[in-house]
Novice: 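Please see the structure below; I have some questions.
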Amino acid sequence: MGTWRDRRTYDAAASAVAGTLADAVEVVIPQPCAVCASGRGPVCRVCRALVHRWSAYPVNVAPVLPHWPSDRICIASGPYRHEFARLILAFKNGGRLDTAPVLGRALGRGLAALLRDVEGQEVKPSRSRAGHAPVIIPVPSSARAFRRRGFVPSEVLARRATAPRSGLGAVPGSARLQVAPVLMARRRPMRAVLDSRVRRAVGQKGLNARQRSARAASSMTIGMPGLAGVMGLRPDLDNRSCILVDDVATTGSTLRESVRAVEDAGGRVVGAVVLASVRLPGKNCSMFSESHPTDG
């Protein structure tokens with residue numbers, strides 16, 4: 001696993017360079033607020049406060065996700081609605097990568113909440129196999145979504161959330177957390193053709209929970225990124241504590257399939273963190289906003 005473990009230093013440097021470049025572009029070509037489109041900056045001061053309000057109190061949404069085991073923690077940083085939903089959509093589908101620092105901090109609050117919640121299970125950042133830190137595994141996008149965007153939202157946000165200045169410093173051992181993009185969408189050409197036809201006909205929003213679960217079944221596998229994957233190398237997840245990270249949870253079917261793939265490879269998934277959840281515990285547990293992502 002050294003191939004991805006040793007990338008942390010380079011990830012931190014790349015994150016710092018990307019942030020500096022984004023600031024430089026903002027000075028030369030000012031961008032409107034990604035939420036209200038009228039304020040200045042990636043996220044204006046008012047919208048930033050509203051986004052923080054929506055994501056300030058992460059909650060465990062496991063009990064209300066139909067296809068996620070209710071006895072395993074799944075933390076959502078906030079509800080998928082209003083300003084928070086608009087910011088996520090701008091980041092994912094609007095090309096507003098300059099909003100990643102704001103969303104990364106929100107995800108970091110959820111990750112900190114999960115680490116505190118599972119502390120009693122002896123999976124602290126300092127307590128994984130042979131003293132290793134837990135592995136943060138981003139849930140991959142579909143091939144179609146990756147071709148359109150050119151990046152995997154969950155991976156970008158996971159790296160932001162675990163960056164040195166992300167706010168996780170208050171969690172003991174958080175500096176040793178490792179982001180490992182080892183979860184991959186399985187290539188199934190005929191299934192991809194059929195799925196594309198269904199998506200054009202009804203879209204992801206038109207699928208019910210059972211259809212979402214059927215689409216996600218056996219869709220994930222574990223592998224190494226880049227040249228290591230081409231060479232057929234596989235990561236060593238044996239008895240490693242793993243935390244899944246995704247952007248939006250709707251029914252939990254994709255997260256459940258991710259658990260299967262990781263645990264088939266020997267890993268031990270102790271929980272999941274999502275940036276936002278369509279469903280929240282309470283009186284109004286299904287909180288669909290006006291629009292939500294139509295693909296992975």
Side-chain angles (χ1 to χ4, degrees), residues 49-89 91-92 102-121 123-124 134 136-139 153-154 157-158 161 167-168 170-171 204-205 207-213 215-216 241-260 262-263 268-294 296:
L50 292 171
V51 166
H52 185 272
R53 174 190 173 191
W54 285 112
S55 60
Y57 303 101
V59 296
N60 181 19
V61 296
V64 296
L65 296 180
H67 294 130
W68 176 262
S70 59
D71 60 345
R72 198 175 310 207
I73 297 173
C74 181
I75 297 292
S77 295
Y80 187 69
R81 56 187 318 192
H82 303 307
E83 294 83 9
F84 200 33
R86 287 199 287 272
L87 183 60
I88 294 170
L89 282 173
F91 168 71
K92 291 181 62 175
V102 176
L103 292 174
R105 284 191 290 273
L107 183 66
R109 289 190 286 273
L111 183 56
L114 182 140
L115 290 172
R116 287 191 293 267
D117 283 347
V118 301
E119 185 173 354
Q121 303 175 27
V123 288
K124 298 179 185 179
I136 308 299
I137 302 182
V139 174
S154 59
L157 295 177
L168 272 178
V171 180
Q204 181 82 347
K205 289 168 62 177
L207 299 180
N208 58 34
R210 181 182 59 79
Q211 290 169 324
R212 287 173 182 266
S213 179
R215 174 175 288 182
S241 296
C242 303
I243 297 172
L244 299 177
V245 169
D246 205 358
D247 45 21
V248 179
T250 303
T251 65
S253 56
T254 301
L255 288 169
R256 184 183 64 180
E257 168 60 15
S258 300
V259 170
R260 181 205 61 77
V262 170
E263 295 191 339
R268 186 164 56 94
V269 176
V270 298
V273 181
V274 296
L275 189 58
S277 176
V278 170
R279 305 163 188 265
L280 287 181
K283 185 177 179 180
N284 299 314
C285 66
S286 183
M287 297 205 256
F288 286 89
S289 62
E290 294 82 356
S291 59
H292 53 83
T294 57

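All residue numbers refer to positions in the sequence shown, counting from 1. The structure presented is a predicted model; accordingly, all values stated were derived computationally and were not measured.
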Novice: Taking only residues two or more places apart in sequence, or in another chain, which ones meet A276 in a side chain to side chain contact (heavy atoms under 4.5 Å, CB included)?
Specialist: Y80, F84, I88
Novice: Once you round to the nearest 0.5 Å, how far does CG of L275 lie from NZ of K92?
Specialist: 9.5 Å
Novice: Looking at R256 and E263, does any basic side-chain N land under 4.0 Å from a carboxylate oxygen?
Specialist: no
Novice: Is there a donor-acceptor pair under 3.5 Å between the side chain of S241 and the backbone N or O of P134?
Specialist: no
Novice: If you define the side chain from C-beta out and look only at heavy atoms, does anything of V273 sit under 4.5 Å from L107?
Specialist: yes
Novice: Could you check whether any side-chain N or O of R268 sits under 3.5 Å from a backbone N or O of V262, counting only pairs where one atom can act as donor and the other as acceptor?
Specialist: no
Novice: Could you walk me through whether I75 and D117 pass the side-chain contact (heavy atoms from CB on, under 4.5 Å) check?
Specialist: CA-CA 10 Å; I75 297 292; D117 283 347; 3.6 Å; yes
Novice: For residues 49-57, which side-chain donor-acceptor pairs fall under 3.5 Å, sequence neighbours excluded?
Specialist:
residue	atom	partner	partner atom	Å
W54	NE1	E83	OE1	2.8
S55	OG	V51	O	2.9
S55	OG	R109	NH2	2.7

Novice: Are T251 and L65 side-chain neighbours, meaning at least one heavy-atom pair lies under 4.5 Å?
Specialist: no
Novice: Within the 4.5 Å heavy-atom criterion, are I136 and L111 side-chain neighbours or not?
Specialist: yes
Novice: Return the set of residues passing side chain to side chain contact (heavy atoms under 4.5 Å, CB included) with A272 (not counting sequence neighbours), or none when no residue passes.
Specialist: W68, C74, L244, L255
Novice: Is there side-chain contact between V270 and I73, with heavy atoms separated by less than 4.5 Å?
Specialist: no
Novice: Any sub-3.5 Å donor-acceptor pair from R279's side-chain atoms to T250's backbone N or O?
Specialist: yes
